[in-house]
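Heads up, the thing below is written out as structure tokens.
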Amino acid sequence: MILNVEKRRSSIATVVFALLDPIPFGMFVAALIFDAVYTNSAVVMWLKSAAWLIVIGLLFAVIPRLINLAWVWFYRARVSTAREKIAFVLYLFGVVAAIFNAFVHSRDAYGMVPEGLWLSILTVVLLVLSKALMTQQLSDDDHRVRS
């Protein structure tokens, strides 16, 4: 039964989600690394690069989150688990933290330290927790399909 429900999801949405979902995470991790380097070096290039990475990560986060929103909250073919809903909310909070981080990074030069670094850390931690919950959910679903 679970296998049939998974096949009913739009294959285009599944492909788009699978292609675009990792991009924001990579951008936010790179921004965190750049923020750490900037905090220790004060070379403005690292600040500007981190700001661009955050903005690009936010742009790429929109479409996968809309697809995930539909799957978790509006997809009636199956009931979403509490783990999927918590993962969605954690990711949403991570994106909100990244939005605040983009505003902090718009400050001039060293004015973003330490808030920018802490917001980058918060964003990455929330996304890691969300991904860990979703991986655990997929692992549980895989065990149910095999049984």
*Just how far is it from atom CE of Met112 to atom CG of Leu117, taken to the nearest 0.5 Å?*
7.0 Å
*Enter the distance from Trp118:CH2 to Leu122:CG here, rounded to the nearest 0.5 Å.*
10.5 Å
*Please check if Leu69 and Met134 belong to a single hydrophobic cluster, counting links between Ile, Leu, Val, Met, Phe, Trp and Tyr side chain heavy atoms closer than 4.5 Å.*
no
_Same cluster (ILVMFWY, side-chain, under 4.5 Å), Val44 and Leu53_ = no
*Are any non-hydrogen side-chain atoms of Val124 and Val128 less than 4.5 angstrom apart?*
yes
Partners meeting side chain to side chain contact (heavy atoms under 4.5 Å, CB included) with [X] (sequence neighbours left out):
{"X": "Val125", "value": "Ile121, Leu129"}
{"X": "Ile67", "value": "Ala13, Val16, Phe17, Ile63, Trp71"}
{"X": "Ala51", "value": "His105"}
{"X": "Lys85", "value": "Val72, Trp73, Ser80"}

*Can you list every pair that meets ring pair (Phe, Tyr, Trp, His ring centres under 6.0 Å) and has a residue in residues 29-67, with sequence neighbours left out?*
Phe34-Trp46, Tyr38-Tyr110
For residues 18-32, dump all side-chain donor-acceptor pairs below 3.5 Å to protein atoms at least two apart in sequence or in another chain.
unit_1: Asp21; atom_1: OD1; unit_2: Arg65; atom_2: NH2; d: 2.3
unit_1: Asp21; atom_1: OD1; unit_2: Lys131; atom_2: NZ; d: 3.4
unit_1: Asp21; atom_1: OD2; unit_2: Lys131; atom_2: NZ; d: 2.2

For the residue pair [X] and [Y], what are the closest heavy atoms and their distance?
{"X": "Val104", "Y": "Leu119", "result": "CG2-CD1, 3.6 Å"}
{"X": "Gly94", "Y": "Leu127", "result": "CA-CD1, 3.7 Å"}
{"X": "Ser130", "Y": "Ala87", "result": "OG-O, 2.8 Å"}

*Taking only residues two or more places apart in sequence or in another chain, which ones pass side-chain hydrogen bond (donor to acceptor under 3.5 Å, both in side chains) with Ser120?*
Asp35, Asn101
*Please report the C-alpha distance between Arg83 and Ile86 in whole Å, then the side-chain angles of each, then the deciding distance to 0.1 Å, and finally whether the side-chain contact (heavy atoms from CB on, under 4.5 Å) criterion is met.*
CA-CA 5 Å; Arg83 193 179 296 159; Ile86 292 170; 5.8 Å; no
*Going by side-chain heavy atoms closer than 4.5 Å, which hydrophobic residues are tied to Val55, directly or by a chain of links?*
Leu59
*asked:* Can you pull out every side chain to side chain donor-acceptor pair (under 3.5 Å) where at least one residue sits in residues 86-100? Sequence neighbours excluded, please.
replied: none
